[in-house]
Q: 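First, the structure itself, so that you have it in front of you.
Sequence lines set the chain letters: A, B, ... in the order given, protein chains first and strands last, and positions in each chain run from 1.
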Amino acid sequence: MPRNDDHGVTPQGEDFSAWYNELVTKAQLVDRGPARGTMVIRPYGYRVWELLQSELDTRIKDTGHDNAYFPLLIPESYLRREAEHVEGFAPELAVVTHAGGKELEEPLVIRPTSETVIGEMMSRWISSHRDLPLLLNQWANIVRWELRPRMFLRTTEFLWQEGHTAHADEAEALAETMLALDLYTQVARDVAALAVVPGEKTPGERFAGAAQTFTIEAMMRDGRALQAGTTHYMATNFARAFGIQYTSEAGQLEYCHTTSWGMSTRMIGAIIMAHGDDKGLVLPPNLAPYQVVVVPIGRGEQFDSVLAASRALAADLKQAGIRVHVDERTQLSPGFKFNDWELRGAPIRIELGPRDLDAGTAVVAQRLGMAGKSTLAIADLAATLPGMLADYQDYLLRRAATFRDEHTAVVDDWAEFVSAVSTGWALALHCGAAACEDDIKAETAATPRCIPLDGPPETGRCIRCDADSAYGKRVIFGRAY
RNA sequence: CGGGAUGUAGCGCAGCUUGGUUAGCGCGCCUGCUUUGGGAGCAGGAGGUCGCGGGUUCGAAUCCCGCCAUCCCGACCA
């Protein structure tokens with residue numbers, strides 16, 4: 001239940017879910033949309049998305065992919081062409097049955113993902129090995145009628161990027177799948193400061209229609225896992241369904257091997273839950289709409305000169321490449337603003353008042369990782385702050401990694417497993433049987449999150465059923481969002 | 001789809017049990033004055049088809065029936 005007091009948010013330890021729900025609204029990231037499960041992304045939240053988007057888009061283009069745009073509406077029959085795909089998505093489709101005042105001859109689905117249309121178009125564009133690889137990406141909105149919507153994590157409509165590529169053979173397509181996974185890992189670590197674990201999904205957790213699915217898993221501060229991006233190797237499943245074929249150098253007609261991969265606005269939910277605390281958001285500098293917020297303090301004529309100095313400082317910092325904002329709201333007290341920017345996750349706050357102006361200094365406070373405030377010369381700030389922001393970014397990643405490691409246990413018996421997944425992750429051997437996964441889920445709510453790529457080789461007995469272990473290494477289990 | 005709950009001002013709520021003048025409170029908002037270094041104070045003011053439809057009644061936010069919506073907990077999922 002929301003607090004009736006208008007300040008602050010419910011502590012994480014009291015009710016993590018309430019903390020999250022109150023925070024996304026109070027920090028002005030989002031507001032509820034009028035239709036069920038929809039979200040309005042407000043300017044402050046959309047800026048975070050734009051920053052993330054730009055970082056990822058640059059990397060996607062640098063690795064040879066081109067952006068394109070495919071239609072929102074897809075003929076229903078397309079979905080049916082790939083058996084597993086339609087089975088996986090049918091329950092969550094939104095379907096347009098009427099348009100132009102008439103019932104449509106063939107219903108149109110609002111894309112839940114675009115493998116089908118893109119597959120259809122690829123089949124028209126590819127005919128020779130010279131047309132390969134075809135490396136496409138699109139930024140789009142998609143709709144999935146989920147049973148239980150949650151801001152950023154699972155909204156009815158969400159924004160994402162979906163890469164779709166076609167290759168001559170399995171090796172190339174698999175390499176592409178891993179390349180995309182690596183892009184995601186980089187963005188998660190270097191931009192979002194998330195200590196993600198890249199790994200492969202077990203067969204039961206695969207994307208509908210994929211031969212192999214890979215993921216980056218992040219740990220939230222309540223110990224639960226969040227899938228922050230996935231990449232899929234489709235083998236020739238979609239190529240066969242949509243006729244994506246090419247003539248090889250040897251003159252043979254061959255099916256393409258395709259991939260797809262996506263990262264979505266869910267990533268923002270991951271950032272909120274991986275870094276946030278009882279005071280509110282903690283945004284990594286690389287994604288903060290305002291990396292530095294200046295709070296001018298004073299009254300009357302004093303305030304005018306403080307404001308002038310604040311604006312001059314902001315201009316300086318902007319020159320130094322910092323995203324800076326001066327909080328000029330006159331009706332609010334400094335104390336209110338301090339709390340407000342802490343709630344909204346601004347990495348660094350600068351307090352500038354008459355005392356400081358006289359001394360030529362400013363009070364600098366970091367959102368986390370620094371005891372108290374420090375007093376620095378105004379003239380030095382433009383030179384000092386970029387380094388502070390970079391250090392703070394690193395600090396957040398280290399903190400996330402430490403938290404993850406402290407909440408991950410290597411377990412070899414069932415009691416330890418149950419205990420580990422109640423507060424975090426368990427690294428355990430598993431037999432690989434779907435029925436055994438289901439059994440574990442029924443008992444503990446935990447699911448296999450991934451088989452970590454860099455896990456050392458190990459074999460033994462299944463943590464649950466004592467059968468021979470599969471995968472040749474340990475699997476991460478955890479409760480997931 | 002199962003379980004639980006809620007719809008009263010922008011937000012958070014009280015009022016309903018036991019029907020009765022003009023539906024209250026806190027926050028926010030507007031105006032004015034005083035304030036501003038950790039969530040400012042005083043004064044004045046604006047803001048409501050009480051979720052929708054029907055019924056009972058002289059009279060319904062309140063009682064009855066139906067509907068709709070939303071939220072929370074699970075199962076599905078990026």
Q: Check side chain to side chain contact (heavy atoms under 4.5 Å, CB included) between A195(A) and all other residues, then give those that pass, not counting sequence neighbours.
A: L397(A), A400(A), A401(A), R404(A)

Q: What's the verdict on side-chain contact (heavy atoms from CB on, under 4.5 Å) for M263(A) and I216(A), showing C-alpha distance, side-chain angles and the deciding distance?
A: CA-CA 10 Å; M263(A) 181 179 274; I216(A) 52 172; 4.1 Å; yes

Q: Can you check whether K279(A) has a side-chain N or O nearer than 4.0 Å to OP1 or OP2 of rG39(B)?
A: no

Q: Using a cut-off of less than 4.0 Å, is there contact between a side-chain N or O of N21(A) and OP1 or OP2 of rC72(B)?
A: yes

Q: Quick one: sort the W414(A) and F417(A) rings into parallel, tilted or perpendicular, breaks at 30° and 60°.
A: parallel

Q: Please list, in numerical order, the residues of residues 333-369 of chain A that have a heavy atom closer than 4.0 Å to any atom of RNA chain B.
A: S333(A), P334(A), G335(A), F336(A), F338(A), N339(A), D340(A), E342(A), R349(A), E351(A), G353(A), P354(A), R355(A), D356(A), V363(A)

Q: So, does R367(A) use its side chain to make a donor-acceptor pair with the main chain of E342(A) at under 3.5 Å?
A: yes

Q: Hey, does K373(A) reach any base, or is it just sugar-phosphate, or nothing, if we go heavy atoms under 4.0 Å?
A: base

Q: Kindly say if R266(A) contacts the phosphate of rA78(B), meaning a side-chain N or O under 4.0 Å from OP1 or OP2.
A: no

Q: For rA23(B) and rU70(B), measure between their P atoms and round to the nearest Å.
A: 30 Å

Q: NA contact type, Q227(A), heavy-atom cut-off 4.0 Å: base, sugar-phosphate, or nothing?
A: sugar-phosphate

Q: Determine the Euclidean distance between corresponding P atoms of rU18(B) and rG26(B); express it in Å to zero decimal places.
A: 30 Å

Q: Describe the nucleic acid contact of T113(A) in one word from base, sugar-phosphate, nothing, applying a heavy-atom distance below 4.0 Å.
A: nothing

Q: Paired with rU62(B): which nucleotide, if any, by Watson-Crick or G-U wobble criteria at under 3.5 Å for both distances?
A: none

Q: Are the charged groups of R449(A) and E217(A) less than 4.0 angstrom apart, N to O?
A: yes

Q: Using the P atom in both, what is the distance from rG47(B) to rC63(B), to the nearest Å?
A: 29 Å

Q: For W341(A), which residues count as a ring pair (Phe, Tyr, Trp, His ring centres under 6.0 Å) partner, sequence neighbours excluded?
A: Y290(A), H325(A)

Q: Rounded to whole angstrom units, what separation is found between the CD atom of Q302(A) and the C1' atom of rU35(B)?
A: 13 Å

Q: Given the P atoms of rC25(B) and rG32(B), what is the spacing between them in whole Å?
A: 24 Å

Q: Can you tell me the distance, in whole Å, between the CD atom of E301(A) and the C1' atom of rU36(B)?
A: 16 Å

Q: Atom pairs under 3.5 Å, N or O on each side, protein against nucleotides 1-3 of chain B: can you list them with distances?
A:
none

Q: With heavy atoms under 4.0 Å as the rule, sort F152(A) into base, sugar-phosphate or nothing.
A: base

Q: I'd like the C1' distance from rA69(B) over to rG53(B), given in whole Å.
A: 14 Å

Q: Please name the nucleotide paired to rC16(B) by Watson-Crick or G-U wobble geometry with both distances under 3.5 Å, or report none.
A: none

Q: For rC29(B) and rC11(B), measure between their C1' atoms and round to the nearest Å.
A: 11 Å

Q: With both distances kept under 3.5 Å, what pairs with rC33(B), Watson-Crick or G-U wobble?
A: rG41(B)

Q: Any strand is fair game: report the nucleotide pairing with rA75(B) by Watson-Crick or G-U wobble, both distances under 3.5 Å, or none.
A: none

Q: Find the distance R206(A):CZ to rA78(B):P and express it as a whole number of Å.
A: 14 Å

Q: Quick check on RNA chain B: between G37(A) and A228(A), whose nearest nucleotide comes earlier from the 5' end?
A: G37(A)

Q: Report the distance from atom NE2 of H164(A) to atom CG of L135(A), rounding to the nearest 0.5 Å.
A: 12.5 Å

Q: Expressed as a whole number of angstroms, how long is the span from R154(A):CZ to rC72(B):P?
A: 10 Å

Q: Applying a 3.5 Å limit to both distances, which nucleotide forms a Watson-Crick or G-U wobble pair with rA5(B)?
A: rU70(B)

Q: Specify the separation, in whole Å, of atom CG of D438(A) and atom P of rA75(B).
A: 12 Å

Q: Mind checking whether F207(A) and H85(A) have parallel, tilted or perpendicular rings, split at 30° and 60°?
A: tilted

Q: Within the 4.0 Å heavy-atom criterion, would you say T155(A) contacts the bases, only the backbone, or no part of the nucleic acid?
A: base

Q: Expressed as a whole number of Å, how far does the C1' atom of rG12(B) sit from that of rC67(B)?
A: 27 Å

Q: Q331(A) has an atom CD; how far is it from atom P of rC33(B), in whole Å?
A: 15 Å

Q: Please enumerate all residues that pass side chain to side chain contact (heavy atoms under 4.5 Å, CB included) together with Q186(A), with sequence neighbours excluded.
A: R59(A), D182(A), D190(A)

Q: Contact class for G262(A) (heavy atom, under 4.0 Å): base, sugar-phosphate, or nothing?
A: nothing

Q: Could you check how far NE2 of H85(A) sits from P of rA78(B), rounded to whole Å?
A: 12 Å

Q: Looking across every strand, which nucleic acid part, if any, lies under 4.0 Å from L153(A) by heavy atom: base, sugar-phosphate, or nothing?
A: base

Q: What are the two closest non-hydrogen atoms of D222(A) and R479(A), and how far apart are they?
A: O-NH2, 3.9 Å

Q: Could you tell me the separation between the OG1 atom of T215(A) and the CD1 atom of I476(A), rounded to the nearest 0.5 Å?
A: 9.5 Å

Q: Under a 3.5 Å limit for both distances, which nucleotide forms a Watson-Crick or G-U wobble pair with rU22(B), could you say?
A: none

Q: Whether the side chain of R144(A) and the base of rC77(B) hold a donor-acceptor pair under 3.5 Å is what I'd like checked.
A: no

Q: Round to the nearest Å and state the distance from K441(A) atom NZ to rG74(B) atom P.
A: 11 Å

Q: Would you please name every residue forming a side chain to side chain contact (heavy atoms under 4.5 Å, CB included) with T58(A), sequence neighbours left out?
A: D62(A)

Q: Rounding to the closest angstrom, what is the interatomic distance between rA61(B) and rG20(B) at atom C1'?
A: 13 Å

